[in-house]
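Encoded as structure tokens, the structure appears first; notes follow it.
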Amino acid sequence: MAIKILTNLMHKVLDDRYILREVIFPYFIPKNEFSRILFVGCKWYTRNYNTQFQQKDYWTLDVDQRQRKHGAKQHITDTLENIDQHFAENSLDLIVCNGVFGWGLDEREDVEKAFRKCYQCLRAEGVFILGWNDIAKRRPFPLEECQALNLFDKYKFPPLSTSEYLTKTFNRHKYYFYVKR
Ligand SMILES: C[S@@+](CC[C@H](N)C(=O)[O-])C[C@H]1O[C@@H](n2cnc3c(N)ncnc32)[C@H](O)[C@@H]1O
């Protein structure tokens, strides 16, 4: 009984990481068409993603220069709003922006700018993954109001059969999937 409760609790905390590491990443890694990848926002617990993506042209970006040590070999210290200063138009295959909206990227104007520029930097059929927490404290404004996201089409992510996935977590971590058509 105690083990079951503990396992349930662990899931409630870790399900978003599990989905990211064991479902989302493994879908893209074997695909040659997803070669140039940007992961936004670094922490000690995202370090092992560097290994997962070691066969790829893998980049990380974080505004906080202290996070450089957790980033990829190809790391950029800057805001996502300035992504276009580091990547040419249509040059990225995949952008994973997880836990950044509502965790520093909060001002509506900045969010619009950042996501619009992500759209620009992705190639046609490139994928944008937005991981965020659907709770008042981490929701700077309703995502449905974001104009820049309307540039994208929703992308039904095959392994989850949906474009909007709610993980089984206390903080209602969601993954939204978009594609540039
Ligand atoms: C919750 S943490 C780590 C998120 C990480 N991607 C993950 O999967 O958990 C959020 C990170 O986003 C960074 N960040 C916040 N606003 C940013 C922005 N506008 N541009 C780039 N990085 C930003 C912060 O410095 C912080 O390291």
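In listed order, ligands and their atoms are each counted from 1. This one's a predicted model, so the numbers in the text were calculated from it and none came from an experiment.
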Does L61 belong to the same Ile/Leu/Val/Met/Phe/Trp/Tyr cluster as F115, with side-chain heavy atoms less than 4.5 Å apart forming each link?
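In one cluster: yes.
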Strictly under 4.0 angstrom, heavy-atom based: which residues surround ligand 1?
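Residues within 4.0 Å of ligand 1: R17, F39, V40, G41, C42, K43, Y45, T46, L61, D62, V63, D64, Q67, D78, T79, L80, E81, N98, G99, V100, W103, G104, L105.
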List the atom pairs, donor and acceptor, that lie under 3.5 Å between side-chain atoms in residues 99-110 and the rest of the protein, sequence neighbours left out.
| residue | atom | partner | partner atom | Å |
| --- | --- | --- | --- | --- |
| W103 | NE1 | N133 | OD1 | 2.9 |
| D106 | OD1 | G102 | N | 3.3 |
| D106 | OD1 | G104 | N | 3.3 |
| R108 | NH1 | E145 | OE1 | 3.0 |
| R108 | NH2 | E145 | OE1 | 2.9 |

Salt-bridge contact R123-D93 (side-chain N to carboxylate O under 4.0 Å):
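Answer for the salt bridge query: yes.
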F128 vs F152 aromatic rings, parallel, tilted or perpendicular, using cut-offs 30° and 60°?
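Rings of F128 and F152: parallel, under 30°.
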Among residues two or more places apart or on two chains, list those pairs meeting ring pair (Phe, Tyr, Trp, His ring centres under 6.0 Å) that have a residue in residues 72-92.
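Output for this query lists W59-F87.
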Scan the side chains in residues 22-46 for donor-acceptor partners under 3.5 Å anywhere in the protein, sequence neighbours excluded, and list what turns up.
| residue | atom | partner | partner atom | Å |
| --- | --- | --- | --- | --- |
| R36 | NE | D57 | OD2 | 3.0 |
| T46 | OG1 | K43 | N | 2.9 |
| T46 | OG1 | K43 | O | 2.8 |

